[in-house]
Amino acid sequence: TMSAVIVILTRSPSDPRLKARIAPVVPDSHQRLDLVLAFLDDLVERVGAVEGAALKVAVTPPLEGLRLVRPWIRWDQLLLQRGATFGDRLRNVFVDLDAAGFTRIILLGADVPDLPAAALEDAVRRLAADPHAVVTGPSGDGSFYLLGLTVHNHVVPELFDKARWGTPHMLEDVEAAAVAHGLTVGRTMDWHDVDTPEDVRELADRVRSAPTTAKATAEMLRELKLIP
């Protein structure tokens, strides 16, 4: 069995707030859902190709929403995000995957459909090389698209309770908490998460010049007439 896992965090397709911020460029809610699912499809394919790491998808309730639209994601690859706050949900993904037998656990946001595989391979390598490593993937706005660490003796380090979630201080707060726990913080490459209309336009520019990096996303952007 593999002790390393990369888990993609995504919202349930049933969530009415799904990517509401990109409505100015993608006004139709069904098309927004299709775009989010294309992001997920591209990442599932990319994570699935990473050597030495299992793939999981952690979804907000209800789980059945994702089962209906993506039946080919295996039931045993899915887990539910538990918790009232963002920090609780992150911590519980680590707790639940540790309970499932994984020790090196990498959380990956679903909003980076064209993230190079090298970033994921780098994160897996860093955790394999140093049992006290914490690896983050900065996303440019004081946030992060990736967080990886090793769970020892079933105790998840407390990196979540003091972080100012939803602010430009998230990344520095989590890294400071890791350092306070005596852990070694390393960063993998910066990448852009897709959260705003401007982000969608920048994604379209990147995908137009390298359409094979995110095939499902490219197809959806063409359908939306955001790339030719």
Side-chain angles (χ1 to χ4, degrees), residues 5-23 29 32-33 36-37 39-40 43 47 55-67 77-100 102-112 115 123 127 133-183 185 187-188 191-196 199:
V5 59
I6 301 173
V7 53
I8 303 166
L9 272 58
T10 190
R11 282 195 175 278
S12 175
S14 318
D15 189 330
R17 296 161 306 175
L18 195 73
K19 284 278 162 250
R21 287 181 68 182
I22 65 169
S29 63
R32 278 202 302 279
L33 171 58
V36 168
L37 289 170
F39 290 4
L40 181 62
L43 284 178
V47 171
L55 159 73
K56 299 277 182 181
V57 177
V59 64
T60 57
L63 201 57
E64 296 69 35
L66 190 62
R67 287 290 293 168
Q77 290 178 313
L78 288 174
L79 66 150
L80 204 55
Q81 291 185 34
R82 306 185 292 113
T85 66
F86 183 64
D88 287 342
R89 289 196 294 276
L90 293 188
R91 182 194 302 105
N92 287 332
V93 171
F94 284 112
V95 168
D96 293 346
L97 287 172
D98 169 66
F102 296 98
T103 51
R104 298 195 297 276
I105 301 167
I106 296 167
L107 271 50
L108 176 65
D111 298 336
V112 285
L115 178 72
L127 294 188
V134 169
V135 57
T136 60
S139 55
D141 46 7
S143 183
F144 51 89
Y145 65 84
L146 181 147
L147 175 65
L149 55 84
T150 302
V151 179
H152 298 280
N153 306 318
H154 306 295
V155 179
V156 176
E158 187 40 84
L159 309 182
F160 310 99
D161 61 342
K162 299 213 168 51
R164 291 163 284 182
W165 303 112
T167 77
H169 305 288
M170 283 190 282
L171 176 62
E172 61 182 284
D173 288 351
V174 168
E175 289 181 337
V179 170
H181 275 273
L183 301 169
V185 175
R187 293 180 173 184
T188 187
W191 203 254
H192 330 265
D193 56 8
V194 181
D195 204 34
T196 66
D199 295 336

Quick check for you: to the nearest 0.5 Å, what is the distance between Ile22 atom CD1 and Asp111 atom CG? 9.0 Å

Check ion pair Asp161-Arg91 (N to O, under 4.0 angstrom): no

side-chain contact (heavy atoms from CB on, under 4.5 Å) for Asp195 and Arg21? Distances and angles first, verdict last. CA-CA 7 Å; Asp195 204 34; Arg21 287 181 68 182; 2.7 Å; yes

Just say parallel, tilted or perpendicular for the rings of Trp165 and Phe160, cut-offs at 30° and 60°. parallel

Roughly how far, to the nearest 0.5 Å, is CZ of Arg164 from CG of Asp173? 4.0 Å

Ignoring hydrogens and angles, tell me if any N or O in the side chain of Thr60 forms a donor-acceptor pair with the backbone of Ser12 under 3.5 Å. yes

Show your working on side-chain contact (heavy atoms from CB on, under 4.5 Å) between Val57 and Gln77 and close with a plain yes or no. CA-CA 6 Å; Val57 177; Gln77 290 178 313; 5.6 Å; no

Can you check whether Thr10's main-chain N or O pairs, donor with acceptor, with Gln81's side chain at less than 3.5 Å? yes

Start with the C-alpha gap between Leu9 and Leu90, add the side-chain angles, then the distance that decides, and say whether side-chain contact (heavy atoms from CB on, under 4.5 Å) holds. CA-CA 9 Å; Leu9 272 58; Leu90 293 188; 3.3 Å; yes

Rounded to the nearest 0.5 Å, what separates atom CZ in Phe102 from atom OG1 in Thr150? 13.5 Å

Just wondering, do Leu149 and Leu159 contact through their side chains at under 4.5 Å, heavy atoms? yes

Is the distance from the ring center of Tyr145 to that of Trp191 below 6.0 Å? no

Are a donor atom and an acceptor atom from the side chains of Thr85 and Asp88 found within less than 3.5 Å of each other? yes

N/O donor-acceptor pair under 3.5 Å between Asp141 side chain and Ser143 backbone: yes

Can you name the closest pair of heavy atoms from Val93 and Ala58 and give their distance? CG2-CB, 4.1 Å

Residue pair Val95, Arg82: steps toward the side-chain contact (heavy atoms from CB on, under 4.5 Å) verdict: CA-CA 10 Å; Val95 168; Arg82 306 185 292 113; 4.3 Å; yes

Where Arg11 and Val59 come nearest, the two heavy atoms and their spacing: C-CG2, 3.8 Å

Show the nearest heavy-atom pair for residues Phe144 and Ser139, with the distance to one decimal. N-OG, 3.4 Å

With rounding to the nearest 0.5 Å, note down the distance linking CD1 in Ile106 to CZ in Phe94. 9.0 Å

Taking C-beta and beyond as the side chain, do Leu18 and Arg32 meet within less than 4.5 Å on heavy atoms? no

How close do Ala163 and Val174 get, counting heavy atoms only, and between which atoms? CB-CG2, 4.1 Å

Would you find a donor on one side and an acceptor on the other, under 3.5 Å apart, between the side chain of Asp98 and the backbone of Val151? no

Nearest heavy-atom approach of Pro138 to Arg187 is CG-CD, 3.6 Å

Roughly how far, to the nearest 0.5 Å, is CG of Asp15 from CG of Leu66? 12.5 Å

Quick one: CG on Leu97 to CG on Leu107, what's the gap to the nearest 0.5 Å? 7.5 Å

Could you point out which residue of Val7, Ile8, Val5 forms a side-chain contact (heavy atoms from CB on, under 4.5 Å) with Leu55? Ile8

Minimum heavy-atom separation for Ala178 to Val134, with atom names? CB-CG2, 4.0 Å

